[in-house]
Amino acid sequence: MGRSGEIRIERSLSSDSVVLTDITKKSKAYWGYSSELLDQWSELLTVTAAYIEDKNVFKLVLDDKIIGYYSYCNDDETTVRLDNLFVLPAFIGKGFGKVLMDDFLKRAKTENILKIILDSEPGAEKFYKKFGFVTIGQQETTVKNRFLPTMELKTIVL
């Protein structure tokens, strides 16, 4: 997996908002978007303290550094929406996204969730398919010819 050191996943604190925002913006930039577009999305890519307090946000810590996180919220009693799953670019492709996803799926299973939905970064669609997610639609974005795959996982698969 190409990693060493102690890794752990723990609930994020509202004081993590600046670090999580930095991870989100750097990870989004990994997909080759222009700095103008990233500036345009700045508010959407900001993780606020209020968001962390309101949603289920879990950070991935390697030694003492936060290198990734995921967040989700309940749509109803049996459905959750995976809002975010980001890893710093230096750690992409080294198994840390899988560590986060495995933790999220385990958590969803213990909460008796029957369905998980998400809107994927187009470049990350293959990543989610590895976990059994299927594309059920596409959401048009403000960027011409860019669509976000809407994906679903029925957790009976878990």
Side-chain angles (χ1 to χ4, degrees), residues 1-3 7 9-12 16-52 54-62 65-75 79-109 113 115-155 157-158:
M1 185 177 287
R3 61 175 193 228
I7 62 167
I9 296 177
E10 54 193 41
R11 186 171 284 280
S12 292
D16 294 328
S17 65
V18 172
V19 174
L20 299 186
T21 296
D22 185 57
I23 291 169
T24 305
K25 289 180 176 182
K26 286 178 176 169
S27 184
K28 200 67 161 173
Y30 172 84
W31 297 105
Y33 296 112
S34 69
S35 55
E36 293 80 24
L37 201 49
L38 292 168
D39 286 346
Q40 199 178 330
W41 291 339
S42 184
E43 192 176 325
L44 291 171
L45 300 175
T46 298
V47 181
T48 64
Y51 178 88
I52 294 170
D54 188 48
K55 308 290 186 208
N56 299 292
V57 185
F58 293 87
K59 60 187 172 185
L60 175 62
V61 182
L62 175 62
K65 180 180 179 171
I66 301 171
I67 63 164
Y69 77 99
Y70 68 86
S71 64
Y72 68 96
C73 57
N74 290 67
D75 276 6
T79 305
V80 296
R81 171 174 294 278
L82 180 62
D83 250 356
N84 296 295
L85 191 149
F86 288 108
V87 177
L88 281 171
F91 299 95
I92 291 175
K94 297 184 175 164
F96 292 103
K98 181 182 184 326
V99 169
L100 285 169
M101 183 58 88
D102 287 345
D103 187 79
F104 167 64
L105 294 175
K106 185 175 73 180
R107 206 173 293 279
K109 192 172 186 176
I113 297 304
K115 185 169 68 172
I116 299 167
I117 52 176
L118 62 87
D119 294 319
S120 173
E121 164 63 41
E125 187 176 13
K126 278 196 315 197
F127 170 79
Y128 293 112
K129 285 184 174 182
K130 289 179 187 173
F131 293 91
F133 282 84
V134 293
T135 304
I136 58 168
Q138 291 195 326
Q139 205 175 48
E140 196 169 356
T141 69
T142 56
V143 178
K144 188 178 163 107
N145 296 322
R146 179 178 178 265
F147 296 86
L148 298 180
T150 299
M151 303 184 80
E152 175 182 283
L153 176 70
K154 294 202 161 85
T155 57
V157 178
L158 294 179

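Quick caveat, the model's predicted, so the values are computed rather than measured.
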Colleague: Hey, are the side chains of L153 and F131 touching, using non-hydrogen atoms and a 4.5 Å cut-off?
Modeller: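 No; the side chains remain at least 4.5 Å from each other.
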
Colleague: If you apply the rule side-chain contact (heavy atoms from CB on, under 4.5 Å), what do you find for I52 with R11, and how did you get there?
Modeller: CA-CA 9 Å; I52 294 170; R11 186 171 284 280; over 6 Å; no

Colleague: Taking all heavy atoms of S17 and all of T48, pick out the closest pair and write down the distance.
Modeller: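 Here S17 and T48 meet closest at CB-C, 3.8 Å.
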
Colleague: Can any side-chain N or O of T79 pair as donor or acceptor with the backbone N or O of D75 at less than 3.5 Å?
Modeller: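 Looks like no, no N/O pair under 3.5 Å.
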
Colleague: If you measure from CG on N84 to OG1 on T24, what distance do you get to the nearest 0.5 Å?
Modeller: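 So the CG of N84 and the OG1 of T24 are separated by 5.5 Å.
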
Colleague: Counting heavy atoms not belonging to K28, are there more than 12 under 6.0 Å from its NZ?
Modeller: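 Check passes, neighbour count above 12.
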
Colleague: Side-chain contact, heavy-atom cut-off 4.5 Å: M151 with V134?
Modeller: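 Side chain of M151 against side chain of V134, heavy atoms only: no contact under 4.5 Å found.
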
Colleague: CE of M101 to NZ of K106: how many Å apart, nearest 0.5 Å?
Modeller: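 The CE atom of M101 sits 14.5 Å away from the NZ atom of K106.
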
Colleague: Do D103 and Y70 have side-chain heavy atoms sitting under 4.5 Å apart?
Modeller: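 They are in contact (side-chain heavy atoms under 4.5 Å apart), so the answer is yes.
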
Colleague: Nearest 0.5 Å, what's the CG-CD1 distance between N74 and I113?
Modeller: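 CD1 of I113 is found 5.0 Å from CG of N74.
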
Colleague: Mind checking whether E36 and W41 have side chains closer than 4.5 Å, heavy atoms only?
Modeller: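 SC-SC contact between E36 and W41 ruled out.
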
Colleague: Using every non-hydrogen atom in the two residues, find where S120 and E125 come nearest and quote the distance to one decimal.
Modeller: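 Looks like OG-N, 3.4 Å.
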
Colleague: I need the minimum non-hydrogen distance between P149 and E121, along with the two atoms involved.
Modeller: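 Smallest heavy-atom distance, with atoms named: CD-C, 4.5 Å.
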
Colleague: Which pair of non-hydrogen atoms, one from Y33 and one from L38, has the smallest distance, and what is that distance?
Modeller: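 It is O-CD1, 3.8 Å.
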
Colleague: Salt bridge (charged side-chain N to carboxylate O under 4.0 Å, His left out) between D22 and K26: does it pass, once the steps are laid out?
Modeller: CA-CA 6 Å; D22 185 57; K26 286 178 176 169; 3.0 Å; yes

Colleague: Can you spot which of L62, I23, I7 makes a side chain to side chain contact (heavy atoms under 4.5 Å, CB included) with I67?
Modeller: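 Among L62, I23, I7, the one that satisfies the side chain to side chain contact (heavy atoms under 4.5 Å, CB included) with I67 is L62.
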
Colleague: Is there side-chain contact between T46 and K25, with at least one heavy-atom pair below 4.5 Å?
Modeller: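 A side-chain contact under 4.5 Å exists here.
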
Colleague: Working to the nearest 0.5 angstrom, can you tell me the gap between L88 CG and I66 CD1?
Modeller: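 It is 9.5 Å, given to the nearest 0.5 Å.
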
Colleague: Which heavy atom of L82 sits nearest to which heavy atom of Y72, and what is that distance?
Modeller: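 In this case the closest contact between L82 and Y72 is CA-CB, 4.1 Å.
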
Colleague: Between Q138 and T150, do the side chains contain an N or O donor and an N or O acceptor separated by less than 3.5 Å?
Modeller: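 No, because no side-chain N or O of Q138 sits under 3.5 Å from a partner of the opposite role on T150.
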
Colleague: Under 4.0 Å between a side-chain nitrogen and a carboxylate oxygen: does that hold for K98 and D102?
Modeller: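 Looking at D102 together with K98, the answer is yes, because their closest N to O distance falls below 4.0 Å.
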
Colleague: Of all the heavy-atom pairs spanning I116 and A108, show the shortest one and how long it is.
Modeller: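 Closest pair (atom of I116, atom of A108, distance): CD1-CB, 4.0 Å.
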
Colleague: Kindly indicate whether the side chain of V99, heavy atoms from C-beta on, has any atom under 4.5 Å from the side chain of L60.
Modeller: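 Yes. Closest side-chain heavy atoms under 4.5 Å.
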
Colleague: Nearest 0.5 Å please: distance from the OG1 atom of T21 over to the OH atom of Y51.
Modeller: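 These two atoms lie 10.5 Å from each other.
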
Colleague: Between S71 (side chain only) and D83 (backbone N and O only), is there a donor and an acceptor less than 3.5 Å apart?
Modeller: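 No.
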
Colleague: Taking the six-membered ring for Trp, are the ring centroids of Y69 and F58 within less than 6.0 Å of each other?
Modeller: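 When the ring centroids of Y69 and F58 are compared, they turn out to be at least 6.0 Å apart.
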
Colleague: Determine whether V19 and K65 make a side-chain contact, defined as any pair of heavy atoms from C-beta on separated by less than 4.5 Å.
Modeller: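 A side-chain contact under 4.5 Å is absent here.
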
Colleague: Measuring from atom OG1 of T135 to atom CG of L118, what distance do you get when rounded to the nearest 0.5 angstrom?
Modeller: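 T135 OG1 to L118 CG: 9.0 Å, rounded to 0.5 Å.
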
Colleague: Within the distance-only criterion (no hydrogens, no angle test), does the side chain of S27 pair as donor or acceptor with the backbone N or O of V87 below 3.5 angstrom?
Modeller: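 Checking the backbone N and O of V87 against the side chain of S27, a donor-acceptor pair under 3.5 Å is found.
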
Colleague: Quick one: does K94's side chain have a donor or acceptor within less than 3.5 Å of a partner on A90's backbone?
Modeller: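 Yes; judged by distance alone, with no hydrogens or angles, the pair exists.
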
Colleague: Got L37 and S34 here, is their nearest side-chain heavy-atom distance under 4.5 Å?
Modeller: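 Contact flag for L37/S34 side chains = yes.
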
Colleague: After noting the C-alpha distance and the side-chain angles of F104 and V80, does the key distance pass the side-chain contact (heavy atoms from CB on, under 4.5 Å) rule?
Modeller: CA-CA 11 Å; F104 167 64; V80 296; 3.9 Å; yes

